[in-house]
Amino acid sequence: DARSRDDLRCPIVVIMGHVDTGKTKLLDKIRKTNVQDNEAGGITQQIGATYFEKKTLETQTARLNETEKVELTVPGMLVIDTPGHESFTNLRSRGSSLCDVAILVVDLMHGLEQQTIESLTMLRKRGVPFVVALNKVDRCYAWKTCKDSPIRDALKEQEEGTISEFRSRSTNAKVQLQEQGVNSNLYWEMGDEDWTNSDFIPLVPTSAITGEGVQDILLLLCQIAQRKIWKQLMWCANLQCTVLEVKAIDGLGMTVDILVVNGYLREGDKAVFCTLDGPVVTEIRGLLTPPPSREMRVKADYIHHKEVKGALGVKVIGNNLEKVMAGTSVLVVGPNDEEEDIKAEVMSDLTNLEDKLSTDKQGVLVQASTLGALEALLQFLRVETKPPIPVSAIGIGTIHKRDVTKISIMNEKGHPEYATILAFDVGVEREAREHAQEMNVRIMTADIIYHLFDQFTRFMGELTE
Ligand code: GDP
Ligand code: MG
């Protein structure tokens, strides 16, 4: 095993939090600070992710690092930016979490919200270290903009009234986190002992609009990577990768976007994917990424690779990829491997969940974006919901007409209330919607688990009235 502290892969970072807290804006800001400097290099757009070279991280944090003096040893950073990636934190790649570290975004003006708490629970359950961004700090009364500057420099420029509002709001967030069993502190007020305490969460005030605190977030993420999770970041030749998304692309057919965490993936590899109908073995015909620092418009713009090395995001072309499930692992059959063993290993993501994925005779259809999200949703509906909501069928990905047909059977079985699809973070085809109308099937959609539950219980309440 050639793993060493001198050969770290880049940490995979995910941004989570309640809707409207500024996740997208913050991601944009992190990506564009560089572009504004008109320095095109150093950031490359990948499939579902943005890669920051080490030298970019160094430039980005230079001002803050004049005082912090952190030596960067990570080779860069991979920030996941797949739409709807909030639910990807729940992805699992053979037992471990897909992301190495997370930014949990809280709106400083609102404090903790429902989905913040959901994300918090998920991150802690998976043991993913994270920082909390107290975003929208610029909304504090009479805030003086200090564009892109380290947060402490910006705070020094503020009047007393602004500081006191900031203090009271951040203390409030701290208390709310404490109520969730989380110890936290403004990160510069953390002692060395807090760093070694795995349950201690650093708070970073940020503005995703004017950029205060963005340097701090980047440097803090690097520090967490280097001080807390470097062991997990030691690059390893064993292939480890996870499906991010499955989608049809004009001219390419069905493609699978994957995140290669460790190891190499090569054109011509015999890859094994997991589907609800069993393993799919297919030859990798193409490995694509977008061109450097350019928005991808036409397919000719993709760069073809013979080989890619983790960690990175890449689009895979091959046959029979239609039913591949987001959130499952991908493996390659090597020269010394038995294909059957590899198939079994790929399917273990599913078989390990068999109990949880087993279905009731009568119940609703539950459809989610990824296997991890499906698992979380089923756990919620069956274990945490009182009384439990029975589930007769499950699925991953967009809702098609055939899904509507499948669950409409509940009308004939004398359980019209279960002729319902609970759809978490997935799209619904127009045909499916029309069909649902005809067949008396309800489709409830949400991207927050609790909202689905609320909709369904409200509906059940109306029935019994
Ligand atoms: P998301 O739903 O978490 O991705 O939130 P968005 O990034 O879409 O932001 C939601 C709204 O908040 C938008 O109107 C943003 O312009 C605004 N917003 C986000 N971050 C900030 C911030 O730091 N300061 C201010 N004043 N507004 C922000
Ligand atoms: Mg967003």
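We count ligands from 1, going down the list as the structure has it; atoms in each ligand are counted the same way. All values derive from a computational prediction rather than experimental measurement.
The distance criterion of under 3.5 Å between nitrogen or oxygen atoms is not met by V19 with respect to ligand 1. For ligand 1, the polar-atom distance check against D138 finds a nitrogen or oxygen pair separated by under 3.5 Å.
Atoms of ligand 1 lying under 4.0 Å from any heavy atom of H18, numbered from 1 in the order shown and given with element: 3 (O). Atoms of ligand 1 found under 4.0 Å from any heavy atom of A208, numbered from 1 in the order shown, are 20 (N), 22 (C), 23 (O). Within ligand 1, the atoms closer than 4.0 Å to a non-hydrogen atom of T24 are 4 (O), 7 (O), numbered from 1 in the order shown.
A salt bridge does not link K401 to E434: none of the charged side-chain nitrogens sits closer than 4.0 Å to a carboxylate oxygen. With respect to the salt-bridge test (charged N to carboxylate O, under 4.0 angstrom), the residues D153 and K156 qualify.
Only the side chain of R139 comes within contact range of ligand 1, with a heavy atom under 4.0 Å; no backbone atom does. With a heavy-atom cut-off of 4.0 Å, T21 touches ligand 1 through backbone and side chain alike.
The number of heavy-atom neighbours closer than 6.0 Å to CD of E160, taken from other residues, nucleotides and ligands shown, is 12 or below.
Between the side chain of N65 and the backbone N or O of V70, at least one donor-acceptor pair lies under 3.5 Å. When atom types are taken as modelled, the side chain of N135 and the backbone of T21 share a donor-acceptor pair closer than 3.5 angstrom. Remark: side-chain polar atoms of D216 are paired, donor with acceptor, to backbone N or O of I151 under 3.5 angstrom.
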